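Here is how names work: the chains are called A, B, and so on, in the same order as the sequence lines, proteins then strands, and each is numbered from 1. The structure presented is a predicted model; accordingly, all values stated were derived computationally and were not measured.
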Number of protein chains: 2
Amino acid sequence: MTSLSLLELRHLRTLAALDETGSVSRAAKRVHLTQSALSHQIKVLQNHYGLPIVRRQGQNIELTEAGKHLVTLARRVLEEIQATERNLAKMSEHASGSLRIVLECHTCFDWLMPLMDAFRQNWPEVELDLVSGFHSDPIQLLEEGGADVVIGSEQVERRGIVHHPLFRFEILAVLAPEHPLRAKKILHARDFDGETLITYPVPEERIDLIRNVLKPAGVQPERRTAELTVAILQLVASRRGIAALPSWGLKNYVEHDYVTARRIGSQGLWSDLYASTLAETAARPYLRDFLVTARNTCFATLDGIIPLEPAEQ
Amino acid sequence: MTSLSLLELRHLRTLAALDETGSVSRAAKRVHLTQSALSHQIKVLQNHYGLPIVRRQGQNIELTEAGKHLVTLARRVLEEIQATERNLAKMSEHASGSLRIVLECHTCFDWLMPLMDAFRQNWPEVELDLVSGFHSDPIQLLEEGGADVVIGSEQVERRGIVHHPLFRFEILAVLAPEHPLRAKKILHARDFDGETLITYPVPEERIDLIRNVLKPAGVQPERRTAELTVAILQLVASRRGIAALPSWGLKNYVEHDYVTARRIGSQGLWSDLYASTLAETAARPYLRDFLVTARNTCFATLDGIIPLEPAEQ
DNA sequence: CATATCAATGAATACGATTCATAAGTCTCT
DNA sequence: AGAGACTTATGAATCGTATTCATTGATATG
């Protein structure tokens, strides 16, 4: 089909990112390019169509009418492409197998559930499971063949294991709205002295706040555990202690004044999330599709997360 | 939307061309690239998906199952893109106006009619017309504002006029199946000596066979005219003379042995078709869309035509 | 008002798609 | 069978252009 169009999928991908982030620089991170690159892309498109596509709105940008047209196109097209690429993947080898997921991070339930539903639809032949219970060395599970993916935040170098970066997120301190510490904009290690820390029932080394902030400062608050995120929040709200949770799940509770969130340290406490697999299973098409849609749905639904550079391979 | 895909629209465009032409080199002409470029593109895609996309079938190629998946994707996507680009075009200026078409070439009716129907649907605001009758200087009509496009085969340099190349086609001699000349594979100028030439009712200079072949050789056969292509074919079939017509319209008649077609000269007699407009109207979005879909539908429906390089601008 | 963060832009760069040159395969015709 | 006219495939060279770099001007925030 002939076409005088200079439009390419790369444009559509950045358009979609622009729409989702509302900012050129955030969109740039999302598509792993510089802000400048996206600015140039936008300019080329606007010249080509003779129409503004984005409008500066204060700090950020906003799509114009024309931009929205292109975004709906982008959505449809990118989805169609992913669908047929899935079909192609199914035609190649390794199109079936198992995807047994180990979660190091309890809060990941939030985004994992809808993701697993979608995946089950797209890959009915793949045996999808969540392997439950606590595991001291989840990576070993991979090597023993007891699991296929570990979702966690530590990136330990080990032969035959590859870590696929998902995203970076901030961990915020969660307080009851009446808590005295609410006065401080930023909490530091010694602010936790004498407080009760409410966490998931996992070893200390697995809790970023303790490992990276409190322990180095020699602060050792009391601990109390709960299995579910809502239970932790409930305890916090009823003034039984402080918690540290990913920012994305807090938004609703904070907005309704159920709890208050505060940054930890002047830079904030950040953690990276990886999906780790055997090098061998990393090549499986359904695994790659799982990772792509995982990132997509996370970016779409989780606020305040930051893309990570894809692993060089 | 994140994507590990290296797929780009350029790939989809060549896929579509590959499917329509069944040959890498013909597809290359269609998308204005070299055969080598397309070969490389195909290889990249096959490596990426780990699947063959085309299969060599003797001289030409054939799409595999995977290739067909991609082609249906390509069709859908490219169509969607054209649709939204039309929408964008309508949002810019010059989105309405008139498109009055002058035909220098009678046979163009064949492909112009469905094209005009499609155009009318897409651009209801544009006043679409076929200006009828014979015009000695159709380009002048453009300058006088009596028409907007001239579709013809001569490319006369004139200030303020731009010629948009459509395609190149071959003109074949058409004989009655029993005609003595059927024995020759190729007809030359002197073969026409003493024959009756059946043409459209236009001046000699407008008839490529006469202007480029017979006149230079000093051959001057009798002439007889008919308005419609079917009428000409009817006269030929009933042995009233020979005609010279574009190859594309002949296929059905030749296959049913209604008439016989022969090449004219060892290289064949070829003619280029252009759409000419004022430079000013060339910028109008609906005109550009008209040209794009004209080329597309011609390539899709007309056999044996060859793309021309787009005019440099 | 200083600082941080944003988008825009021109020039330099680097990457990769395309071309070039060539080889190898396929069909047709004599 | 062999010549010729077609194809497609492939590695190396080239060229175009998308991206980055470096900088500026805007906009918000404390």
Compute whether any side-chain donor of one residue and acceptor of the other, for A:S247 and A:E170, lie under 3.5 angstrom apart. no
What is the distance, rounded to the nearest whole Å, between atom CD of B:E8 and atom C1' of C:dT18? 16 Å
Result for salt bridge (charged side-chain N to carboxylate O under 4.0 Å, His left out) between A:E62 and one of A:R56, A:R55, A:K68 points to A:R55
Toward the 5' end of DNA chain C, which comes first, A:G58 or A:H40, by nearest nucleotide? A:G58
Taken to the nearest whole Å, CD/A:E62 to P/D:dA26 is 21 Å
Name the closest nucleotide to the A:Q35 side chain, picking from D:dC6, C:dA7, D:dT27. C:dA7
Heavy-atom nearest nucleotide on DNA chain D taken for A:R10 and for A:Q57; more 5' hit belongs to A:R10
Between C:dC6 atom C1' and A:R55 atom CZ, what is the distance in whole Å? 18 Å
Look only at the side chain of A:R295 and the backbone of A:V292, and say whether a donor-acceptor pair between them is shorter than 3.5 Å. no
Distance below 4.0 Å between B:S36 side-chain N/O and D:dT10 OP1 or OP2: no
In whole angstroms, how far is the P atom of C:dA7 from the CD atom of A:Q46? 13 Å
Find the distance B:H11:NE2 to C:dT18:P and express it as a whole number of Å. 8 Å
Of the nucleotides D:dT27, C:dT9, C:dT26, which has the atom closest to the A:Q59 side chain? D:dT27
Without hydrogens or angle criteria, can the side chains of A:Q82 and A:D289 be said to hold a donor-acceptor pair below 3.5 Å? yes
Would one find a side-chain N or O of A:S25 under 4.0 angstrom from OP1 or OP2 of C:dA7? yes
Measure the distance from NZ on B:K185 to C1' on C:dT28 and round it to the nearest whole Å. 13 Å
Nearest to the side chain of B:L33 - C:dG10, D:dT8, C:dT18? C:dT18
Go through A:V24 and A:I42 one step at a time and tell me if the side chain to side chain contact (heavy atoms under 4.5 Å, CB included) criterion holds. CA-CA 10 Å; A:V24 179; A:I42 295 169; 4.3 Å; yes
Among D:dT20, C:dT19, C:dA7, which nucleotide has an atom closest to any side-chain atom of B:A37? C:dT19
Is there a side-chain contact between B:K43 and the phosphate of D:dG11, meaning an N or O under 4.0 Å from OP1 or OP2? yes
To the nearest Å, give me how far apart CG (A:L38) and P (C:dT9) are. 14 Å
Given D:dC21, is OP1 or OP2 found less than 4.0 Å from the side-chain N or O atoms of A:T34? no
Residue-phosphate contact under 4.0 Å: A:Q41 side-chain N/O, D:dT19 OP1/OP2: yes
Could you give the CG-to-P distance, from A:L12 to D:dA18, as a whole number of Å? 15 Å
Could you please name the option among D:dT19, C:dA8, C:dG25 that lies closest to any side-chain atom of A:R56? C:dA8
